[in-house]
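Every chain is numbered from 1 and lettered A, B, ... according to where its sequence line falls, protein lines coming before strand lines.
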Amino acid sequence: MRAGTKLLALCASALALTLPAAAVSQAAELRTNINADPAMVDPITYSELIAGDVMANVYEGFVGLDTEGNVIPALAESWEPHEDGLGFRFKLRSGVKFHSGRSFGAKDVKYTFEQLLIPGNRGGLNAEYLDTVVGAQAVKDGKTTDLEGVTVVDELTLDVRFTKADVLFPIYPFYFMDAGIVEEHGADWATKASAGTGPFKFKAWNLGRDVQLEAFADYWGGAPKIDGVRFLIVPSGDTAVSMYEAGELDVVYVDTQTIRRVLKDPQFKDEMLTAPAAQIRYLGMNQNLYEPFKDIRVREAICIGFDRDAMVDGLYDGAAFPLYGQVTPGVAGYNPDLPAIPYDPERAKKLLAEAGYPNGEGLPPIKVTDTEPNKNDITYYANQFSSVLGMPVEVEIVERGSHIKRMNAGEVPFFPWGWSAGYPDALYFLSQVWYGPSTYNRSRWQNDAFDALIEEAQGTADAKARYALYNKAEKILLDDWGTCPTTVRMQVALVKPNVEGVSLTPFRFLPFGDAQVTE
Amino acid sequence: MIEYAARRLAGLLGVWFLAIVITFVAVQFVPGDPIMALLSDRSGDADLEARLRADYGLDRPLPVQFLDYLAHIADGTFGLSFRFANTTVFDVISGGLLISPILAITAILIAVPLGVVLGVFAAQRANSWADTAVILGLVSGISIPNFAMAAFLVYLLSIKWSVLPVAGWGTPQHLVMPVLILVIPPTAYVARLTRTYMLEVLQQDFVRTARAKGLRERLVIYRHALKNTFVPLLTTVGIIFGGLLSGTFVVETIFNIPGLGRLAIESIFARDYPVTMTIVLLFTMFYSIINLIVDLAYTALDPRIRLTNTKA
Amino acid sequence: MSAVPILRIENVTKDFQIKRSALSGENLTLRAVNDVSLDVYPGETLGVVGESGCGKSTLGRTILQLTRPTQGRILFDGNDITRLSRKQLKAIRQDIQIIFQDPYSSLNPRMKVRDIIAEPLENFSSDRSAITRRVHEVMEIVKLPVAYADRYPHEFSGGQRQRIGIARAIAIRPRLIVCDEAVSALDVSVQAQILNLLKEIQRETQVALLFISHNLGVVRYLSHRVAVMYLGRVVELASEQALFENPKHPYTSALLSAIPEADYSRRGTRKYLSGDIPSPIDPPPGCPFHQRCEKVQDVCRVETPVLDALAPEHWAACHFPNVSDKGIRDGA
Amino acid sequence: MAAPSTSQTARPGSDFFLRFRRSRNAMIGSVIVAFVVLMALFGPLLTPHDPVKVNVLASWRAPDSTHWMGTDALGRDVFSRIVLGGRVSLIVSMSVLAVTLTIGTVLGMCAAYFGGWVDALVMRTVDIIFAFPELIFAILVAAVLGPGTLTVIIALSMVWWPGIARLTRSLVLGLRHEMFIEAAIVSGTPAHKIMRRHFLPNIVAPLIVRASIGVGFIIMAEATLSFLGIGIQEPEPTWGAMIRDGLSQLRTDPHLALFASLALGITMIGFNLLGDGLRDVLDPKVRN
């Protein structure tokens, strides 16, 4: 038994080692959830959603969003397009301090752009926004580290020049970083220091447990009213809601599988925030891979062959609404006047018969493909198309990484997928998902008139005129049944009654700078 | 004894090496590509893909990659994580390194004595309804899936009564529910084994003799019978430990404990192979070391001479 | 008796490696059979006697190639069978069979009598009807009702089981049968029946028997010649009559005097063997028997005696063999 | 040590049934198992609804007279799915048993019978697989093969055969020097025939016990793999996946996880009791 006692003692001491200094509850700390560790916490390699949730609180770009999801100036006070339309001159905000205490200025913007492009740095999502900048390719190729198209005019004035028109450049969600940080903390500064201008400073990242931010007192928009934000890493959405229920989280971003639980429980009624996600969803039909898709009647039959309203009620418990176009509400350029796409199985059958496939006879077998989390959706589609249209559809669940690769390579014939907006403008959806040359045109729908309109829009600085072009292009896409828009999901979040100032926009939470936790 | 232990340890090194080979080969066949997982939506960018592949040494021939991995094991970093930018595997796992073993060992320290007591209780009342009730209870314990039981406990203890935290790690309270879930199967296992061995031993002559001599029943059981069930019980500790390590996968996932079990599942889904391989290797090492200790203890307790070429 | 032996055992030695303990790597050698040479002639019975542990069973097992000798050769029909391949060995199996001591464990409890007896036949023939005929034939020979063919071993008595074992052994008409304590496990009355059965079979088939037993009476009843083994060695070899009436080796004398049978006229002069057989792991130097021999001299402790022909067809390994024809009585 | 063969096998069959009937565990267990097996065999023919028929308009129904156990997220009948899920569980466990018993006994017998390098090769392989905690090895294999029914069968077989091989080997080693084996060798019986006719029938009883206990492990392991998302996939219903899907709805629609857990639990109890009972009945050492 002595050995047992010793072992127990050993265990206890080992346990003590792994426990961080007892979790002292800080009244003024906001606790919320992320469903995995962020893959990174630096603005250069930044390339995923979860890291974005954290970093939006630490870093800022030219613009930000207001509580309605509208673009508002942030680190850029104003900008003027160059006369030839190929570039902008930015007037930066004065009096902005980095977390290090250094002042923010034009040199930091240039530095950030260069860091994003230098090959060894593995520039992430934000690097893509620099493709049109003059000299970007040279930096990317490693020929120089000086980005030719970006000029520091004076401390707070920056000139950016493009190789081709890019009217949306000012609203791209860059994260500008402190040019002095590497000198101060070395190349691996990212987990040791905080290099942003946002309302919170990066404090600590305990892998598998949490990411901690602390309030930045010198924030240009005013010091946050809370001491900090703790993002607890909670992979299970269900657990997160339970933790919220037990008072272990103040704010929860509810994952789609758990939305039902939240909606059905009356106790959450007054604590719920909702906002449509800025994510289009569609059913991709690749005409190159499945002969019948070449017939517009078959495409229409598919698009009217499933019941969006039933999906909203049955699959999503009402936390969604039907989508009739390829731009989501809350995103600039959204057309609210698009006609509804009906669920009309009779007409769908008729169209299919006209196309030469009465009751689905003669249709070759096909698989509808998606990843595990969306298995209910494809099970519904497969069931619907086989029972309503007689189409021999099978369900195929695949691994995400290889699925995306195959979709990008245009190798998946039939798939429901989504695309989340990186910035609040319809061009994001239209130019990335349906523009012919785009890598992300995964169903390989192609239309010259559509492509021409998109190119024209990219050079149209006037917003109204640009939106008209969007609407025109979108109509071409829809009239051709090039895609089946499906639904827009609602985002659901829970916020404890003692927490104020948390806003959910189509682009997830706003930074928690205005949040307040009262006792 | 020391020589024997050393020989066994040397054998273990061989087994570990093979375990490394097996996991390395295995992950090569796991569908999905870590670079694709890393690139996610941007997987059309061939330049970026090539660059990342080179960064992680994935453009090199497999044998070279294997040697790289061995070198990284040797230098203690275990290589670079695919999922976390610029982070070594060691940094990824070090925070949770002891959590799974702590859970497993705590569970074993509770399960073994508890199981023995229950087993003795049932054996003493063999074939009575009390016996059946205990057995049925134990069987139910291992029959209800741990993930369902966990959900039930969370609802009751955390949400309804608010006595324990829902999930997480950091205070002793966080240990209670996971350990409770983990303890059930090994307790049932030990109890049933104890019952069987006790029944066997209780029928042996020396126990009858002891009883006949008028020794008190409890003394007979504990002094004589239990002593004889100890060795067979000892041999099962390794198996139990293995089951517990496997159990941590589920328990850590459910209770959101940042241990290696949860990390392993996440790494498999994120195609973070260096982390996956390292965790499998570590678990294999934990497990085989426990088995070695059990074996050594067993051999020390059972000094019978063994014939290699038994005569008929 | 033919002059050409059917089986010739030449200098056979069998060692076993023994691990003293699992913890230390130390190995010990147990010499179970030590430089044994014997001949068996067609149609004869060679008895091998000795106390348990003397190596006689091991010797039997080496003949059957159930275990390979460490040294020496075993010639069957003049061919060395210790170096045969699997295939060649199978051919030899037709000629050498065994009858085991324990009639309980020597029969597969899951097989019918018919299948047990048929097994050796099936290995050498595929003619089902011929096999069935032969099974019935040998069942008659061993005096088992053919109606029992579909029963399982547990439904039989010990003697009946031994008959099944004999039936199995003789089914393929072997030329040599090793009987390893073939009757030791049986009641005395049953023993006699089985011995008579063996005699009968030998008379009819001219099969050679190597009859291994610790029971001198049984050996005497059946054997033409007898070898006495002690601590892995043959210490005396002679015809049945010579050995029993005129033993040369003190060990043989001692064994004989220990026979409790009533028809021996030497009652009252019984000598008991004192002490245990020395361990074959660490045999004493010199004569293996010297620790228990009452005639022991200094030379016995140093020099190992060799098997000498002390009379025609009578060999013994002793520095001081009994000289008188009266043997035991004089040794007293 | 005496081989387990003789004394116990010498007993006529009627005694087995007598003892079986007297074992409470075995009786309760076999009744449950019989029920589950019948359900799996004939249930899908009798279920009131198509278990894969989607009707999103009827999703999340609580149990009522039409849907005895309610419906799931896609409006599929939970009762029908549980019945079909039981069939999947049994197919998986029976396949794993068939595969592992075949591989395990053949390799175990070969290792014990031939010894030498065959033994070394088999037993070292066994050791290496044993070096991995069992479910972890299964998870690794399942991850390699990608989700699916076949994957689960292969993964669990790879984990489970070494135990059978080791048991077989030790049983055969116990029999190796039985005289009837030597008699067979002397009779010139070839090795494969000795294994089939002599070893196998005499080690069957402990293997059956092992198998009956193993069914529980396999069913639970399959459920766990499905729970962790690397097991059997849609549209095939499995209890593990149903429980996982139902867990997040535990508060709103408890019937989803509840009935699947009950089905799994009852089946497990059945097999465990049967296994225990069989051990008591077949193992002569434990006789009360």
(message) Strictly below 4.0 Å, N to O, side chains only: are C:E119 and D:R197 in salt-bridge contact?
(response)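 The answer is no: the pair does not qualify as a salt bridge.
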
(request) Tell me the residues of residues 115-123 of chain D whose non-hydrogen atoms fall below 4.5 Å from those of chain C, in number order. (result)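 So far as heavy atoms go, nothing in residues 115-123 of chain D approaches chain C to under 4.5 Å.
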
(message) Restricting to non-hydrogen atoms, name the atom on C:F124 and the atom on D:G188 that form the minimum distance, rounded to 0.1 Å.
(response)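 Looking at all heavy atoms of both residues, the closest pair is CZ-CA, 4.4 Å.
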
(request) Taking all heavy atoms of C:I96 and all of D:V186, pick out the closest pair and write down the distance. (result)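 What the structure gives for the nearest pair is O-CG1, 3.7 Å.
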
If we only count heavy atoms from C-beta on, is the [X] to [Y] side-chain gap below 4.5 Å?
| X | Y | value |
| --- | --- | --- |
| C:P109 | D:F180 | yes |
| D:S187 | C:R93 | no |
| D:H198 | C:R110 | no |

(message) Within the supplied structure, the quantity of interest is the number of heavy atoms (other residues, nucleotides, ligands) at a distance under 6.0 Å from D:F114 CZ; does it exceed 12?
(response)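 Result for CZ/D:F114: enclosed.
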
(request) Could you tell me whether the side chains of D:T189 and C:N123 share a donor-acceptor contact shorter than 3.5 Å? (result)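 There is such a pair between these side chains.
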
(request) Check whether C:Y152 gets within reach of chain D through its side chain, its backbone, both or neither, counting any heavy atom under 4.5 Å. (result)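 Looking at C:Y152, nothing touches chain D.
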
(message) Please classify the contact between C:I116 and chain D as side chain, backbone, both or neither, with a heavy-atom cut-off of under 4.5 Å.
(response)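 Contact with chain D involves no heavy atom of C:I116 at all.
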
Pick from [options] with the largest number of heavy-atom pairs that fall under 4.5 Å of chain D:
| options | result |
| --- | --- |
| C:I172, C:I92, C:D115 | C:D115 |
| C:I98, C:D180, C:L66 | C:L66 |
| C:Q94, C:M111, C:Q65 | C:M111 |

Quick one: pull up [atom1] in [X] and [atom2] in [Y] and give me the separation to the nearest 0.5 Å.
| X | Y | atom1 | atom2 | value |
| --- | --- | --- | --- | --- |
| D:I185 | C:L64 | CD1 | CG | 10.5 Å |
| D:I181 | C:S106 | CD1 | OG | 11.5 Å |
| C:Y104 | D:E178 | OH | CD | 14.5 Å |
| D:M179 | C:I99 | CE | CD1 | 13.0 Å |

(request) Among the options D:P190, D:A191, D:A184, pick out the one with the most heavy-atom pairs lying under 4.5 Å from chain C. (result)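 Of the options given, most contacts go to D:A184.
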
